[in-house]
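One structure is given below, encoded as structure tokens.
Keep in mind that what you see is a predicted model, and the values were worked out from it rather than measured.
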Amino acid sequence: MRAVVLALTVALVVPEFALDKTYVYKYEALLLGGLPHEGLARAGIKVSSKVLLSAMTEHTFLMKLMDPLLHEYAGIWPKDPFVPATKLTSALAAQLQIPIKFEYANGVVGKVFAPAGVSPTVMNLHRGILNILQLNLKKTQNIYELQEAGVQGVCRTHYVINEDPKANHIIVTKSKDLSHCQEKIIKDIGLAYTERCAECTERVKSLIETATYNYIMKPAAAGVLIAEATVEEVHQFSPLNEIHGAAMMEAKQTLAFVEIEKTPVVPIKADYLARGSLQYEFATEILQTPIQLMKLSDAPAQIIEVLKHLVANNVAMVHDDAPLKFVQLIQLLRVATLENIEAIWAQFKDKPVYRRWLLDALPAVGTPVIVKLLKEKFLAGEFTIPEFIQALVVALQMVTADLETIQLTASLALHEKIATIPALREVVMLGYGSMIAKHCVAVPTCPAELLGPIHEIAAEAISKNDIPEITLALKVLGNAGHPASLKPIMKLLPGLRTAATSLPLRIQVDAILALRNIAKKEPKLVQPVALQLVLDRALHPEVRMVACIVLFETKPSVALISSLAGALKLETNMHVASFAYSHIKSLTRITAPDMAAVAGAANVAIKLMSRKLDRLSFRFSRALQLDFYYTPLMVGAAGSAYMINDAATILPRAVVAKARAYLAGAAADVLEIGVRTEGLQEALLQSPAADESVDRITKIKRTLRALANWKALPTNQPLASAYIKLFGQEVAFVNVDKTVIEEAIPIVTGPKPRELLKAALKALQEGIALQYAKPLLMAEVRRILPTAIGVPMELSLYTAAVAVASVNVQATITPPLPEEIETMTLEQLKKTDVQLQAEARPSIALQTFAVMGVNTALIQAAVMARGTIRTITPGKVAARADILKGNYKMEALPVEVPEHIADVSFETLAVVRNIEEPTAERIVPLTPADYSVKFEQTHTMDLSATPFHKTLCLAVPYIEIKGCIEVHSHNAAFIRDDPLFYIIGQHSARASVARAEGPAVERLELEVQVGPRAAERLLKQISLIDEETPEGKAFLLKLREILETEDKNVRVSSESSSSSSRIISSSSSSSMSSSRMTETATVMEPFRKFHKDRYMAPHGASKAVSSGSTASSFEKIQKQAMFLGNAVPPVFAVIARAVRVDHKLLGYQLAAYFDKQNARVQLVVSSIAENDNLKICADGAVLSKHKVTARVAWGPECQQYAVIAKAEAGVLGEFPAARLEVEWERLPIIVTTYAKKLSKHIPMAAFKAGFRLERVSNADKEIELTAALPSQRSLNVIARIPEMTLSRMDIPLPIAVPINPDGTLSIQIDEDILSWIQKHIKEE
């Protein structure tokens, strides 16, 4: 009881500092990053100093640091010592020792003041010390919780106050949950378009942040004295899941009382300016990349130096450090002024290579200066339209979305020059909407006035009925996703406003789609609107289905989905019913955490709907959603597809596909593509083809005629449209209308293509030498947050790539082409001999960095994962086309190959560097090479955790090329068997290609000879063994003996597994008998072939007769000439070979023969190597207009293996059908082995696919597949395989198959349309 009373009494007194005294404390702060295991590397910093506190007035104090010292660390923890950063301390000593002023009352730190000479980084270090003094002690409680302000913001804080009577002091413990803050100080870059998946982090988290403060307070004359304070703060992060191991940033602070001095702290003679409060203020770390530290002396000169390095070292092939240099160029441009960049542009704009590098780098800078520069230079005419569009699309997505940039973009969108270029204006307007969306993510209270210009444009467009302008305004509002736009959008929604009913259907659809991003922020506002649209039967079905998409993206409740399901019971439009039912059904299978509640609601609602909807065919509208989410790793992916049909249309009205990704507690709609054919559908519906009284054949004729007469289509509406979204933002859309077609036809068929062709051919003859480089900043994702000591920590991911290609092409054309190429006749072209030689060396370098640690303009200390990929794939080819002789040849020529054509590496490091010694950085592998050895001596290690080094080589025979892959891996899995520890370490793989041992290869050739000279080009005479000759009989006898020996060996090896196979078979049989795949007899009509006079043969016609006649007729044709080469010359020949220095023939040749009289084709592939009689023979014949037969044989003289395939059309019962039979005489052992293994899974697969199974004794070496059409939208399938027959009836088809009962096509192309096509071609 005494302890509680004393604690409550002391709690009434807060820490006090007397006016006439100076309190001296010893301060030490430590910030380390790495894995929480001793013996591994860490990186960090340490600050130590004396702290002097002196009161100026009752509530105003001075704080001064004495003897400050900075240390840096990159080594093996805890063995290696901290290293003093002497030069950095000296450079900052003057700033660090300037006293600062702060307000302090009742244990709460107020405003902070300092001279202008104290940099923001040093001010934040002072805030880290003041943060320790922040104590909200209540008068009546010793255990309580509140939201407390601190360096990191206003966060949930828990206090516990205890007394230690023996030591006569009070212990105050406060803990902060930094994951739950009312106002959190944080800066995200590159994450504006991602969504926080709160449900993904309910059970498992990727980032955990907490801090604990312990105070020992002793009684003093004026109150209590903080005798000692310790702080421990932990930030734990893993991209997968912290349960499986995580990297950690650990901050520690100690403030210990030393003594009281009489000498007061005196402020310097300078103006003390208000520098904010206790909360951290971001400095230049926003512009500073964490992967390199540069000392800025002369930014323009440094930019030019890096630019020249990139240009000079990326010509023939990419330089190893090109991606890092490109990031360095971007960083330098970020700190440069507008005047600096303008001067650099003026210097290099007329140099094409430098110009391209700048145009690729400037948009990635992401500062308002760049947007202003792009605007000014375009208006000045210094950019082409393609250059400006490319730069602007990237710049608007990368730029920081503040009020200045938004206003700048608005002025650009409204500029008169931009307005005259529709494509450019669309890009700017869409970017304007995206910028507002980004700004509202950073500032949730963003004002609705930002959308004022767009609302005005929309209102004016509606008043003028300007459909294209309304469309653009809706897309901009959809990108912005601001709730204030709901009212303007609703004016364009059908059924809700009378004015909207007169607008085109596509405007109504665009208005509904514009609600999607609003629904993510305010689902409760959108849900009633979307539900009303879905249930309004007076609306067009497409409008209702699009509203259904929006409704489910709001994540509706069980009650709402059940209401929808109940209302759909009485739905009369089958497309709407099918779409909603399939959407709800697909949601029942969703596993993503953020959709778990919706999936549960869908499972309830699906029971209220009619199961008949599940049997609707694919010609009705459908929605499909599939996903995969793996909770232990917090990763997942989802895909959605929507197909909107209409009973009156041929093509789908709309198709939308979307991909979504989940990672580390965040989700994003990565890509979405949509296509609509609304104008085309309306045009077709207004044509005579829409007349329901005519038959389908007439409808199709009229539809084709309507498409042919496209010039008669209306001008004021698009025939089709498409859009693309990246991360939920529409970045481009296109409308195809009559005007676009009219403009495109002259471009394709006019003189310009001929001029381009002429210029290209001329350039080829003169020789083309190109060097091209394309850099790209593929990813820049950053999260910057302050730590307790006032130093920022950063989690970031950077990926940059540079692709370089050098191409040399030379063509020789004999005889030379005429000046006017269009006058060249076909006969002249036939006499042309074209020779082409080309050499290319494409190379790519990619570097990616994942960083966790300290990143300031003064010092960087972080753990880093660094991955690199570098590939070089040179090639040299020569081609020749002698059209007159029908000879075409391509050669792959030797080329100089680097030591490694591909090099991939990944390593984890601890890095520290400071601005005073930027080149003296210290880099230590996160997992020391000798640590695993020491660990193995005291622990049992899994084999997968041991270091791995192996080289695998494979030599390609004949062409004497050897490829090798060298793999090295050393991970930290010996510590813990979790995914993160398998990643940590050093991993590399290198691929190389070199000459193997043996004669050198001069070139690889592929030659095609067409026409009568084909036989001359064959390098080896082709002949086939005649079975009737003595030589043929002897060869076959010898081959048969070899095959029988082989069969005997296989039979013996398979006997050991036969009993287990029987057990499996009987088990499978018993399980299947209880399923709906019963083994009862199936009544099946026999397949009957078409008669030459009637489409159906008599009912007595049997399969045996049909098959027998087919086989006998084919064999009869074969016996006339087993090898067509003995009777007719080859139609064409193909020779693929390797030309070696020893002139040995190596390769293959193919000869094709055609017997026109018997409609027979024979292909023979044979080796051109001496004493190699392996061949592949393919022989096929068209026996009638309903039957085709082919035989493929291979092996020595095509006698070892053979397969016969027969395909024919006929009837099954009364329905038109087709049958495919595959018979084999003999197959390779590997094929039969895997076929037997596969057959064991057929019953279960058939059951899941809805097939009926019947156990019967079918032919052992035959597979038969029969498909029949009971109607043009359904299919019967029967499959006969050894030991079983599978069948399924009335399989719905997504489209109608235009086949009549007599086997003829029910679609005809009108002669008028054919003549129109021919006439149009001739005119053009």
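One finds the CD1 atom of Ile216 at 7.5 Å from the OG1 atom of Thr230 (value rounded to the nearest 0.5 Å). Distance check: Ile161 CD1 to Ile170 CD1 gives 8.5 Å after rounding to the nearest 0.5 Å. Residue Asn124 holds its CG atom at 10.0 Å from CG of Leu278, rounded to the nearest 0.5 Å. In this structure, Leu30 CG and Lys46 NZ are separated by 7.0 Å, a value rounded to the nearest 0.5 Å. Taking NE2 from His71 and OG1 from Thr86, the interatomic distance works out to 8.0 Å, rounded to the nearest 0.5 Å.
Residues Leu52 and Met66 meet the side-chain proximity criterion, which asks for heavy atoms closer than 4.5 Å.
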Inset, instruction - Assess whether salt bridge (charged side-chain N to carboxylate O under 4.0 Å, His left out) is satisfied between Lys252 and Glu250, documenting all intermediate values. - result: CA-CA 7 Å; Lys252 292 184 178 181; Glu250 184 179 15; 3.7 Å; yes
Inset, instruction - Go through Glu281 and Arg275 one step at a time and tell me if the salt bridge (charged side-chain N to carboxylate O under 4.0 Å, His left out) criterion holds. - result: CA-CA 9 Å; Glu281 289 187 358; Arg275 301 291 292 271; 5.6 Å; no
Legend entry - Candidate pair Tyr73 and Leu32, rule side chain to side chain contact (heavy atoms under 4.5 Å, CB included), full reasoning: CA-CA 8 Å; Tyr73 188 87; Leu32 276 177; 3.8 Å; yes
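Applying the ring-ring contact (aromatic ring centres under 6.0 Å, His included) test to pairs two or more places apart or on separate chains, those with a residue in residues 155-178 are Tyr144-Tyr159.
No side-chain donor from either of Gln152 and Glu209 sits under 3.5 Å from a side-chain acceptor of the other.
Ring geometry, Phe282 versus Tyr280: the interplanar angle exceeds 60°, so the pair is classed perpendicular (tilted spans 30 to 60°).
Taking a cutoff of 4.0 Å between a charged side-chain nitrogen and a carboxylate oxygen, Lys187 and Glu285 do not qualify as a salt bridge.
A side-chain donor-acceptor contact under 3.5 Å links Asp80 to the backbone of Ile76.
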Table please: side-chain donor-acceptor pairs of residues 96-105 below 3.5 Å, with sequence neighbours left out.
{"unit_1": "Glu103", "atom_1": "OE1", "unit_2": "Lys111", "atom_2": "N", "d": "3.3"}
{"unit_1": "Tyr104", "atom_1": "OH", "unit_2": "Leu133", "atom_2": "O", "d": "2.7"}

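Residues Leu293 and Thr856 approach most closely at CD1-O, 3.7 Å, considering heavy atoms.
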